[in-house]
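Order of the sequence lines sets the chain letters (A, B, ...), proteins ahead of strands, with each chain counted from 1.
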There are 2 protein chains.
Amino acid sequence: MFVMATTTTFPDVFHAIADGNRRKLMDLLGTGEKPVQELVRHFDISFAAISQHLNVLRAAGLVSRRAEGRKRLYRVTPTALREVHDWTEQYREFWQGRLDELGRYLERQEAEDKKGD
Amino acid sequence: MFVMATTTTFPDVFHAIADGNRRKLMDLLGTGEKPVQELVRHFDISFAAISQHLNVLRAAGLVSRRAEGRKRLYRVTPTALREVHDWTEQYREFWQGRLDELGRYLERQEAEDKKGD
DNA sequence: CATATATTTAAGTAATCACTTAAATGTCAA
DNA sequence: TTGACATTTAAGTGATTACTTAAATATATG
């Protein structure tokens with residue numbers, strides 16, 4: 001029947017960056033615009049697979065491309081990452097200062113009395 | 001400047017937060033420790049599905065739980081989000097200031113001459 | 001022109017995904 | 001002890017994933 005779309009509609013930035021190869025692609029483009037062949041060199045997967053990953057990134061708005069002859073030059077346009085950055089930002093206090101210490105302490109406690117596993 | 005993201009081995013924090021329901025779970029726990037039934041109330045999916053999502057978050061270290069009677073109290077332990085925050089951080093300059101403007105300008109240019117689509 | 005180069009798209013596959021319902025586990029309370 | 005409650009685990013399903021190879025498209029070069 002009807003399933004409620006609880007959260008973000010596709011294409012989802014969080015999904016786009018979930019894949020390590022796609023993050024690596026973005027990082028490679030972080031040093032500047034590059035053609036696909038130059039990107040492919042850094043991976044063990046096929047040209048087609050890289051092209052598909054670039055499609056996903058492009059659908060999420062994270063990269064753009066321009067034509068130069070038969071080449072396609074990709075560059076990173078990561079403004080959409082702001083959503084991710086902002087979302088994680090609200091948790092920053094947990095890994096900075098007291099709350100993190102408290103968290104680690106509580107986790108140790110749980111590990112010790114192995115309750116609920 | 002740009003730090004390469006290696007294709008992470010599972011359990012992967014980026015994967016854990018890729019799902020909107022899981023992010024929503026974390027956000028609900030952000031206001032404090034809660035039993036599963038209290039979390040389930042905010043979703044249209046089954047108790048079991050929520051429990052499974054909590055398992056994924058727990059495997060990624062993003063939440064922890066403790067037993068209290070027959071209840072399991074979950075709380076957010078989002079230190080691992082630091083990896084995500086740090087990764088996005090390196091792109092921050094793109095949505096702040098000139099680079100973003102340049103990016104938008106270039107995208108408009110591409111949209112106009114529809115090259116390579 | 002024909003052929004090489006650069007890339008994308010199509011089609012197929014195995015693995016993983018997010019869910020479901022049902023059964024299992026553990027705890028509380030009469 | 002019996003039964004309700006709180007949650008997890010098991011088993012199954014359809015959709016989506018990340019890849020593959022092959023074919024298609026488009027451009028450059030001899």
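- Between B/H15 and C/dC17 there is a side-chain polar atom (N or O) within less than 4.0 angstrom of OP1 or OP2.
- Separating the CG atom of A/D44 from the C1' atom of D/dC19 is a distance of 13 Å, rounded to the nearest angstrom.
- Dashed line: the shortest gap from a side-chain N or O of B/R65 to OP1 or OP2 of D/dT8 is under 4.0 Å.
- Both tests pass for A/K24 against the ring of A/F43: distance under 6.0 Å to the centre and angle within 45° of the axis.
- Summarising the geometry, the separation between CD1 on A/I45 and P on C/dT13 is reported as 20 Å, rounded to the nearest angstrom.
- Not one N or O on the side chain of A/R23 forms a donor-acceptor pair closer than 3.5 Å with the backbone of B/F14.
- Taking atom NZ of residue A/K34 and atom P of nucleotide C/dT7, one finds them 13 Å apart after rounding to whole Å.
- Using a 4.0 Å cutoff on non-hydrogen atoms, the parts of residues 46-55 of chain B near DNA chain D are B/F47, B/A48, B/S51, B/Q52, B/N55, ordered by number.
- Within the 4.0 Å cut-off from OP1 or OP2 of D/dT8, at least one side-chain nitrogen or oxygen of B/Y74 is found.
- Distance A/N21 CG to D/dT20 C1': 14 Å, rounded to the nearest Å.
- Comment: B/E89 engages B/R92 in a salt bridge, judged by a side-chain N to carboxylate O separation of less than 4.0 angstrom.
- Checking the phosphate oxygens (OP1, OP2) of D/dT25, no side-chain nitrogen or oxygen of A/R70 falls inside 4.0 Å.
- Using a cut-off of 4.0 Å between Lys/Arg side-chain N and Asp/Glu carboxylate O, A/E33 and A/R65 are scored as not salt-bridged.
- Put simply, NZ on B/K24 is 16 Å from C1' on C/dC19, counting in whole angstrom units.
- Checked by atom type and distance alone, the side chain of B/T77 pairs as donor or acceptor with a backbone atom of B/G61 at under 3.5 Å.
- Between the CG atom of B/D19 and the P atom of D/dA15 there is a distance of 18 Å, given to the nearest Å.
- A/W95 has its ring centre no less than 6.0 Å from the ring centre of A/Y91.
- When the P atom of C/dT7 is taken as reference, atom CG of A/L39 falls 9 Å away, rounded to whole Å.
- By the neighbour-count criterion of 12 heavy atoms within 6.0 Å, atom NZ of B/K71 is sparsely surrounded, having that number or fewer from other residues, nucleotides or ligands.
- Rounded to whole angstrom, the span from the CD atom of A/Q37 across to the P atom of C/dA6 amounts to 5 Å.
- The side chain of A/R22 approaches D/dA18 more closely than any other nucleotide in the set D/dC19, D/dA18, C/dA6.
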